[in-house]
S.K.: 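Sharing a structure below in structure tokens format, with a few things to ask.
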Amino acid sequence: WINGFNSSNLERDRIFIGGMEAFESSSGASEWALVNSWWEYYDNIESKLHADIPEIRFYLDEEYNEIALVSTDGGLYISDDYLSSVQNISLSGLGVSQYYSTYSQKFHPYQIFAGSQDQGLQKSITNNETIQDFEQIISGDYGHLVSGNDGIGIWTNYPGFTIHYPDISNSNASISLDFPGSGYLWIAPLMEHPEFSNKAILGGGGINGGNHLIELTLSLQGNQITFDENPYNFSSTISAMGYSPIDTSYRYVLTENGKFYYSSNSGENWNMNLSFTGPGAHYFYGSTIWASPNQLGKVFIGGSGYSNSPVYISNNHGETFEELNNGLPNTLVFELTGTPDDLLIFAATEIGPYGYSENEDEWFLLSGISAPDQTYWTVDYIPEINTARFGTYGRGIWDFVIDNNYDINLGDVNFDNIINIQDIILVINFIIDLTEPDTQEFIASDINEDGIINVLDIVQLVNMVLNG
């Protein structure tokens, strides 16, 4: 196939074609020569073209010297000798990576690992408290980064195989396994094993057909990954998996056609919710499940939400679901996560980063005026630094840092989860100096958030009570 086609502005016989690889002719297309093979890039990313070339364009400088710019799926290259040599000029400083998945260590210094489109698996292990630099470990397309030991080791999927880095911060050594059998999504879902850090669970597909969970095990010697197919056959290709962090025997599966399954005995037996069809999956990446770390049985699911709600919630392990879309437009949700207390839920969506407030019972767009207008493909919450880390598909990684007092519900001054006359009395007592509010009481009483507790706050509080 041909993607890019162009010729020199000065020498009419110099013609260039870009497809998976680039070809050049200096004889008016009578003869052609390969610029470099696609696989040469992996050992020389600075001076060999990346595969897939949509554009080759020639420009003249002020002295009429001709310069070529070559666009590839792995970056932009420049050449001043008609592609006899090329130089990658997009290795740093652009902030335009397309990320499928990020994982941040759950301990200081919270190093970041990221799976991208064409720019491979990356890591940032130097925290300079500014914009982070990333090192590409391996080229390609990587998604669904997971870890069973808080980020010491990382599992991730490439189209067609799973790869594991046992000590990713300190070593780029890895071991991989091709997807067993067939029937998987292009970048198939992957989940850390709930109990063993040397294991992961792959969503199929199956060895001999069907749609199964595949348990992957890293050998004790660390030199082999073995697999074991679970016997249960789901109704369609598996698009997401999850488990309860409170009781890991509760497992959850969502399929490509929106069917939800739950198990109470670590996947020995499965129950399908016969009366519910949830959101469909992204066609090559899947959907998302996030189980509450605060309430057993509380499960959030997300996916394609153009003819239905993009997000649903269950409080009974998925036996029943309710829509959770107040304030959330019809869109595709790639990933869900949340705070340990469930008060805030975060969604990476096709139209931006969203957050759900349980106190407000509403979704809000989080991008404001500073975050990019872009598809947000992944979100990872790091409790230790109160940060929801969003990965975009074209503008890098962005952090949404929440306030330490995010869990305070304005107006609920006595923190009984009800706003009523008792809260009004407390605020009046604060104003007339009968009692002194502590820091949290002050925040809850300052309804209009102007830094002062006064009659204006009482007026708003009365309206809140009257309006239910």
S.K.: State which residues pass salt bridge (charged side-chain N to carboxylate O under 4.0 Å, His left out) with Asp380; sequence neighbours excluded, sorted by chain then number.
M.R.: Lys106

S.K.: For Tyr356 and Phe346, I'd like to know if the aromatic rings sit close, meaning centre-to-centre distance below 6.0 Å.
M.R.: no

S.K.: In chain order, what residues pass the side chain to side chain contact (heavy atoms under 4.5 Å, CB included) check against Ile432, with sequence neighbours excluded?
M.R.: Ile428, Asn429, Leu434

S.K.: Do Tyr100 and Gln117 meet the criterion of a side-chain donor-acceptor pair at a distance under 3.5 Å?
M.R.: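 Short answer, yes.
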
S.K.: Using salt bridge (charged side-chain N to carboxylate O under 4.0 Å, His left out) as the criterion, list what pairs up with Asp118, not counting sequence neighbours.
M.R.: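 With neighbours one apart ignored, the set is empty.
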
S.K.: For the backbone of Asn223 and the side chain of Ser219, can you confirm whether one donor and one acceptor N or O come within less than 3.5 Å of each other?
M.R.: yes

S.K.: Between Tyr262 and Tyr252, is the gap from one ring center to the other below 6.0 Å?
M.R.: no

S.K.: For Glu192 and Tyr103, test the side chains for any donor-to-acceptor distance below 3.5 angstrom and give the result as yes or no.
M.R.: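 No, Tyr103 and Glu192 have no side-chain donor paired with an acceptor closer than 3.5 Å.
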
S.K.: Which heavy atom of Pro293 sits nearest to which heavy atom of Pro245, and what is that distance?
M.R.: CA-CG, 3.5 Å

S.K.: Could you check whether any side-chain heavy atom of Ile175 comes within less than 4.5 Å of a side-chain heavy atom of Leu218, counting everything from C-beta outward?
M.R.: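 With C-beta onward as the side chain, the pair touches.
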
S.K.: Under 3.5 Å, is there a donor-acceptor pair between the Tyr261 and Thr255 side chains?
M.R.: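 Per modelled atom types, Tyr261 and Thr255 side chains form no pair under 3.5 Å.
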
S.K.: Could you check whether any side-chain N or O of Asp150 sits under 3.5 Å from a backbone N or O of Gln105, counting only pairs where one atom can act as donor and the other as acceptor?
M.R.: no

S.K.: Taking the side chain as C-beta and beyond, is there a heavy-atom pair between Val459 and Asn463 under 4.5 Å?
M.R.: yes

S.K.: Return yes if some donor-acceptor pair links the side-chain N/O of Ser309 with the main-chain N/O of Tyr312 below 3.5 Å, else return no.
M.R.: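 It does not hold such a pair.
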
S.K.: Examine distances only and state if a side-chain atom of Asn467 and a backbone atom of Met464 form a donor-acceptor pair shorter than 3.5 Å.
M.R.: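 Not confirmed, Asn467 side chain does not pair with Met464 backbone.
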
S.K.: Please enumerate all residues that pass side chain to side chain donor-acceptor pair (under 3.5 Å) together with Thr387, with sequence neighbours excluded.
M.R.: none

S.K.: Side chains of Phe107 and Ile152, heavy atoms from C-beta outward: is any pair under 4.5 Å?
M.R.: yes

S.K.: Would you check, one step at a time, whether the test side chain to side chain contact (heavy atoms under 4.5 Å, CB included) holds for Thr156 with Phe161?
M.R.: CA-CA 9 Å; Thr156 183; Phe161 67 79; over 6 Å; no

S.K.: Under the side chain to side chain contact (heavy atoms under 4.5 Å, CB included) test, which residues partner Ser266, sequence neighbours left out?
M.R.: Glu195, Ser249, Arg251

S.K.: Any side-chain heavy-atom pair from Ile289 and Met241 closer than 4.5 angstrom?
M.R.: no

S.K.: Any side-chain to backbone donor/acceptor pair from Ser357 onto Asp361? Under 3.5 Å, distance only.
M.R.: no

S.K.: Is there a donor-acceptor contact under 3.5 Å from the side chain of Asp399 to the main chain of Val401?
M.R.: no

S.K.: Is the closest side-chain donor-acceptor distance between Asn88 and Ser90 under 3.5 Å?
M.R.: yes

S.K.: Under the salt bridge (charged side-chain N to carboxylate O under 4.0 Å, His left out) test, which residues partner Glu323, sequence neighbours left out?
M.R.: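 Salt bridge (charged side-chain N to carboxylate O under 4.0 Å, His left out) list for Glu323, sorted by chain: empty.
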
S.K.: Would Ser275 and Asn273 count as a side-chain hydrogen bond (donor to acceptor under 3.5 Å, both in side chains) if you check the C-alpha gap in whole Å, the side-chain angles of each, and the deciding distance to 0.1 Å?
M.R.: CA-CA 6 Å; Ser275 61; Asn273 187 326; 3.1 Å; yes

S.K.: What residues, two or more places apart in sequence or in another chain, satisfy side chain to side chain donor-acceptor pair (under 3.5 Å) together with Asn230?
M.R.: none

S.K.: Mark yes or no for whether Ser263, through its side chain, and Asn269, through its backbone, hold a donor-acceptor pair below 3.5 Å.
M.R.: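 Flag set: sc Ser263 to bb Asn269 pair under 3.5 Å.
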
S.K.: Please name all residues satisfying side chain to side chain donor-acceptor pair (under 3.5 Å) with Asn448, sequence neighbours left out, ordered by chain then number.
M.R.: Asp450

S.K.: Might you point out which heavy atoms bring Val413 and Ala444 nearest each other, and give the distance in Å?
M.R.: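 Here Val413 and Ala444 meet closest at CA-CB, 4.0 Å.
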
S.K.: Going by the rule side chain to side chain donor-acceptor pair (under 3.5 Å), which residues pair with Gln422 if we only count those two or more places apart in sequence or in a different chain?
M.R.: Asn414

S.K.: Can you confirm whether Tyr184 sits close enough to Ile187 that some side-chain heavy atom of one is under 4.5 Å from a side-chain heavy atom of the other?
M.R.: no

S.K.: What I want to check is whether the side chains of Arg389 and Thr102 have a donor and an acceptor closer together than 3.5 Å.
M.R.: no

S.K.: For this output row, return yes or no: ring centroids of Phe260 and Phe276 closer than 6.0 angstrom.
M.R.: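 So the answer is no for these two rings.
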
S.K.: Could you check, using the six-membered ring where one of them is a Trp, whether Tyr77 and His50 have ring centers closer than 6.0 angstrom?
M.R.: no

S.K.: Would you name the heavy atoms of Ile168 and Tyr165 that are closest together and state the gap between them?
M.R.: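 Result for this residue pair: CB-CB, 3.8 Å.
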
S.K.: Just so I know, are the side chains of Asn417 and Asp412 near enough to count as touching, which here means a heavy-atom distance under 4.5 Å?
M.R.: yes

S.K.: For Gln122 and Tyr99: C-alpha separation, side-chain torsions, deciding distance, then whether side-chain hydrogen bond (donor to acceptor under 3.5 Å, both in side chains) applies.
M.R.: CA-CA 10 Å; Gln122 305 172 14; Tyr99 288 116; 2.7 Å; yes

S.K.: Do any N or O atoms from the side chain of Glu229 and from the backbone of Ile214 form a donor-acceptor pair under 3.5 angstrom?
M.R.: no

S.K.: May I have the step-by-step check of side-chain hydrogen bond (donor to acceptor under 3.5 Å, both in side chains) for Tyr285 and Glu335, ending in yes or no?
M.R.: CA-CA 11 Å; Tyr285 199 79; Glu335 189 164 20; over 6 Å; no

S.K.: Run the side-chain donor-acceptor check on residues 199-211: report pairs under 3.5 Å with partners two or more places apart or on a different chain.
M.R.:
from   : atom 1 : to     : atom 2 : distance (Å)
Lys199 : NZ     : Glu215 : OE2    : 3.1
Asn211 : OD1    : Thr237 : N      : 3.3
Asn211 : ND2    : Phe234 : O      : 3.2

S.K.: Of all residues at least two apart in sequence or in a different chain, which pass the salt bridge (charged side-chain N to carboxylate O under 4.0 Å, His left out) check with Glu358?
M.R.: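 Result, salt bridge (charged side-chain N to carboxylate O under 4.0 Å, His left out) vs Glu358: Lys298.
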
S.K.: Mind running ring pair (Phe, Tyr, Trp, His ring centres under 6.0 Å) on His282 and Trp377 for me, showing each step along the way?
M.R.: CA-CA 11 Å; His282 182 271; Trp377 204 293; 5.1 Å; yes

S.K.: Provide the closest heavy-atom pair for Phe134 versus Ala114 in the form atom of the first, atom of the second, distance.
M.R.: CE2-CB, 4.3 Å

S.K.: With a 6.0 Å cut-off on ring centres, are Trp186 and Tyr283 close enough?
M.R.: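 No: the rings miss the under 6.0 Å criterion.
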
S.K.: List the atom of Ile125, the atom of Phe113, and the distance in Å for their closest heavy-atom pair.
M.R.: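 Shortest heavy-atom separation between Ile125 and Phe113 comes out as CG2-CE2, 4.5 Å.
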
S.K.: Taking Thr392 for the side chain and Gln374 for the main chain, is one N or O donor matched with an acceptor at less than 3.5 Å?
M.R.: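 No; judged by distance alone, with no hydrogens or angles, the pair does not exist.
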
S.K.: Please list all pairs meeting salt bridge (Lys or Arg N to Asp or Glu O under 4.0 Å) that have one or both residues in residues 432-448, counting only residues at least two apart or in different chains.
M.R.: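 Not a single pair qualifies under salt bridge (Lys or Arg N to Asp or Glu O under 4.0 Å).
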
S.K.: Do Asp228 and Thr217 come within less than 4.5 Å of each other through their side chains, counting heavy atoms only?
M.R.: no

S.K.: Main chain of Tyr232, side chain of His212: is a donor-acceptor contact present, judged purely on distance under 3.5 Å?
M.R.: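 Side chain of His212 to backbone of Tyr232: a pair is present.
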
S.K.: Give the minimum heavy-atom separation between Ile345 and Trp363, together with the two atoms involved.
M.R.: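 Closest pair (atom of Ile345, atom of Trp363, distance): O-CZ3, 3.7 Å.
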
S.K.: Can you list the steps and then say if Leu366 with Phe390 is a side chain to side chain contact (heavy atoms under 4.5 Å, CB included)?
M.R.: CA-CA 11 Å; Leu366 302 178; Phe390 287 89; 4.1 Å; yes

S.K.: So, Asp167 versus Ser169: side-chain donor-acceptor pair below 3.5 Å or not?
M.R.: no

